[in-house]
Amino acid sequence: MMRLRHRVAVVTGSSRGIGRAIAQALAREGAAVVLNAARSIGEAQAAADAIVRAGGRALAVQADVGDPADARALIGQAAETLGRVDILVNNAGFEDRAGLWQIDEARWARMLAVHVTGPFFASRAAGEIMARQGRGAIINIASMRGIEPGDAPLHYSVSKAAVLMLTRCLARDLAPQIRVNAIAPGYTETGSHAGRTIAEREQIAARIPLGRFIQPEEIGRAAVFLASDESAYITGQALIVSGGVVTG
Ligand SMILES: NC(=O)c1ccc[n+]([C@@H]2O[C@H](COP(=O)([O-])OP(=O)(O)OC[C@H]3O[C@@H](n4cnc5c(N)ncnc54)[C@H](OP(=O)(O)O)[C@@H]3O)[C@@H](O)[C@H]2O)c1
C-alpha cells in the first residue's frame, strides 16, 4: 500500500546520506519529492532522476537553507511546480569538528543558520501553505547529540538541542492542521563518518547497544511513519533512533 500518494514532500539536503534515503523512502510510498542541496546539485538531480526512472515524481532545487531567503524560495518553488506542500523534512546539516576554542563567530553563526534558522523559516513558509491545505507534516532531523552531548562539538549539540525545542514550539503553534516531530539519529552510516578509521568505527560500534551504525534507510522508514497518517496523533515528539545509545 502506498501511504503517501498524492502528497508533495520537500527534503532539504537530499543529495546524499540521510536526506537522500528519506527522499527515496517517501517516493516509494508515492509522494512527489523535491530534493535539494546547496552545492552538490548534480547528485541531487541524479537522485531525482533515479526516482523518476522508478516511476515516481521528483525534481531537484538548489538552495542554501542557511540563507532564510533561499529556504523560503525552496518552499515557494516546490509549491509552484508541484501545486502543494504536504511534507517538509528539515534534514540539511553538516558536522564541524571544532573544539571549544576553535569555534569563532563565523563557525557559530553558520552552524545555527543551517540547523536552526533555515528550518524555522522553511517551516513557516511550508506551514502557511499546509494550513491553507488543512493538513501537513514537518519532520526535523535533530541528533541524539542534541539530548546527550557525548563528544560532539559544542556548537553542533547546541544547534541540535535548539532543533528539538523548535519542534515542540512549532507543534504547539501549527496545531491542529500540522504535525511537527523530530527524529534524533545516532551514528548513521553516511559520508559524514568517512574520516574515521576502521579502529575508531569498531570502538564506536562496541559502545552502541545494538552493536552497529544505523543505515540511512532506517531513518527513512522512521520519516515515512512520521509523515504518514499512521502517526496522526503524534506531534511535538522526538523519535530517538540511536540503537540504544541515548534512551530519553
Ligand atoms: N550521520 C550521522 O551520524 C548523523 C547523526 C545524527 C544526526 N545527523 C543529521 O542528519 C542530517 C544529515 O546528515 P548526513 O550524515 O546525511 O550528512 P551528509 O551525508 O553530509 O549529507 C548532508 C546533506 O545536506 C546538504 N547540505 C548541507 N548544507 C546544506 C545547506 N546549507 N543547504 C542545503 N543543503 C545542505 C548536503 O549537500 P551540499 O553539502 O552539497 O549542499 C547533503 O545533501 C544532518 O542534519 C545531520 O546533523 C547525522
Side-chain angles (χ1 to χ4, degrees), residues 10-25 33-48 60-75 77-78 88-97 109-119 121-122 139-153 155-164 166-167 182-196 200-201 204-205 207-208 212-220 222-223 238-243 245-246:
V10 179
V11 185
T12 70
S14 40
S15 63
R16 58 176 183 270
I18 292 173
R20 184 173 63 187
I22 291 174
Q24 288 166 337
V33 184
V34 176
L35 292 96
N36 153 261
R39 289 155 292 261
S40 53
I41 190 64
E43 290 171 49
Q45 187 61 56
V61 175
Q62 187 162 16
D64 176 354
V65 302
D67 173 347
D70 253 30
R72 281 192 293 262
L74 169 64
I75 302 300
Q77 199 169 329
L88 168 64
V89 184
N90 287 306
N91 164 80
F94 65 101
E95 272 211 326
D96 176 19
R97 302 217 143 264
R110 182 71 182 156
M111 185 62 78
L112 291 170
V114 175
H115 289 157
V116 187
T117 312
F121 285 105
I139 300 163
N140 295 322
I141 306 304
S143 166
M144 66 173 174
R145 295 310 180 205
I147 299 164
E148 169 63 56
D151 61 358
H155 57 336
Y156 181 82
S157 290
V158 168
S159 75
K160 293 300 189 177
V163 171
L164 293 168
L166 177 68
T167 302
I183 298 173
Y187 295 104
T188 313
E189 193 75 64
T190 70
S192 59
H193 295 288
R196 296 189 191 275
E200 258 181 319
R201 295 166 67 93
I204 291 171
R207 293 198 305 265
I208 302 172
R212 60 172 179 84
F213 282 51
I214 314 155
Q215 295 302 313
E217 293 70 25
E218 298 180 278
I219 307 292
L239 185 54
I240 307 170
V241 188
S242 73
V245 175
V246 168

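Each ligand, and each atom within it, is numbered from 1 in the order the structure gives. These values consider heavy atoms only, across backbone and side chains, with no hydrogens, waters or symmetry-generated copies.
Scanning the protein for heavy atoms near atom 28 (N) of ligand 1, the closest one is Arg39 NH2, 3.2 Å. The nearest heavy-atom contact from the protein to atom 41 (O) of ligand 1 is Ala38 N, 2.8 Å. Nearest to atom 6 (C) of ligand 1 among the protein's heavy atoms is Pro185 O, 3.3 Å. Nearest protein neighbour of atom 46 (C) of ligand 1, counting heavy atoms only, is Tyr156 OH, 3.7 Å. Nearest protein heavy-atom contact of atom 36 (C) of ligand 1 is Arg16 NH2, 3.6 Å.
Shown in contact with Ala142 at under 4.0 Å from a heavy atom are these atoms of ligand 1, numbered in order with element: 7 (C), 9 (C). In the vicinity of Val65, heavy-atom distances shorter than 4.0 Å reach the ligand 1 atoms 30 (C), 31 (N), 32 (N), 33 (C). Within the listing of ligand 1, atoms 31 (N) sit less than 4.0 angstrom from a heavy atom of Arg110. Short contacts between ligand 1 and Ala63, defined as distances under 4.0 Å to a heavy atom of the residue, involve ligand atoms 32 (N), 33 (C). Here is the list of ligand 1 atoms found below 4.0 Å of a heavy atom in Asp64: 30 (C), 31 (N), 32 (N). The contact set between ligand 1 and Ser14, taken as ligand atoms under 4.0 Å from a residue heavy atom, comprises 43 (O). Below 4.0 Å from some heavy atom of Asn36 lie the following atoms of ligand 1, by number and element: 33 (C), 34 (N). Proximity to Ser15 (heavy-atom distance under 4.0 Å) selects the following atoms of ligand 1: 37 (O), 42 (C), 43 (O).
Atom NZ of Lys160 is separated from atom CD1 of Ile141 by 8.0 Å, given to the nearest 0.5 angstrom. Considering CZ of Arg212 and CD of Glu189, their distance stands at 9.5 Å, rounded to 0.5 Å. Going from atom OG of Ser157 over to atom CD1 of Ile147 covers 10.5 Å, rounded to the nearest 0.5 Å. Between atom CD1 of residue Ile22 and atom CZ of residue Arg20 there is a gap of 12.5 Å, rounded to the nearest 0.5 Å. Atom CG of Leu35 and atom OG of Ser40 lie 10.5 Å apart (nearest 0.5 Å). Interatomic distance, CG of Asn140 versus CG of Asn91, reported as 10.0 Å (0.5 Å rounding).
Considering backbone and side-chain atoms alike, Ile18 places an N or O below 3.5 Å from some N or O of ligand 1. Here's the thing with Phe94: none of its N/O atoms is less than 3.5 angstrom from an N/O atom of ligand 1. Taking only nitrogen or oxygen atoms, main chain and side chain alike, His115 does not reach within less than 3.5 Å of ligand 1. Ligand 1 has a nitrogen or oxygen under 3.5 angstrom from a nitrogen or oxygen of Lys160.
The nearest non-hydrogen atom to atom 37 (O) of ligand 1, considering only Gly13, Ala44, Gly17, Ser40, comes from Ser40. One option in Gly19, Ala23, Gly93 has a heavy atom closer to atom 22 (C) of ligand 1 than any other, and that option is Gly93. For atom 9 (C) of ligand 1, the choice among Asp70, Ile141, Ile183 with the nearest heavy atom turns out to be Ile141. For atom 4 (C) of ligand 1, the nearest non-hydrogen atom from the set Gly186, Ser143, Ala92 belongs to Gly186. Of the listed residues (Asn91, Val11, Thr190, Leu74), the one carrying the non-hydrogen atom nearest atom 14 (P) of ligand 1 is Thr190.
Nearest heavy atom pair, residue Gln62 against residue Ala38, reads NE2-O, 2.9 Å.
The existence of a salt bridge linking Arg110 and Asp64 is confirmed by a sub-4.0 Å separation between a basic side-chain nitrogen and an acidic carboxylate oxygen.
Residues Thr117 and Pro119 are not in side-chain contact: their nearest non-hydrogen atoms beyond the backbone lie 4.5 Å or more apart. Residues Ile204 and Phe213 have side chains in contact (heavy-atom distance under 4.5 Å, counting atoms from C-beta outward). Residues Val10 and Asn36 form no side-chain contact, since every pair of their non-hydrogen atoms from C-beta on lies 4.5 Å or further apart. In this structure, the side chains of Asp96 and His155 come closer than 4.5 Å at one or more pairs of heavy atoms.
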- Query: Could you walk me through whether Ile139 and Ile183 pass the side-chain contact (heavy atoms from CB on, under 4.5 Å) check?
  - Reply: CA-CA 7 Å; Ile139 300 163; Ile183 298 173; 4.0 Å; yes

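Between the side chain of Thr190 and the main chain of Ser192, a donor-acceptor pair closer than 3.5 Å is present.
In His193, the part holding a heavy atom less than 4.0 Å from any atom of ligand 1 is the side chain. Residue contacts with ligand 1, taken as heavy atom pairs separated by less than 4.0 Å, involve Val114 solely via side-chain atoms from C-beta onward.
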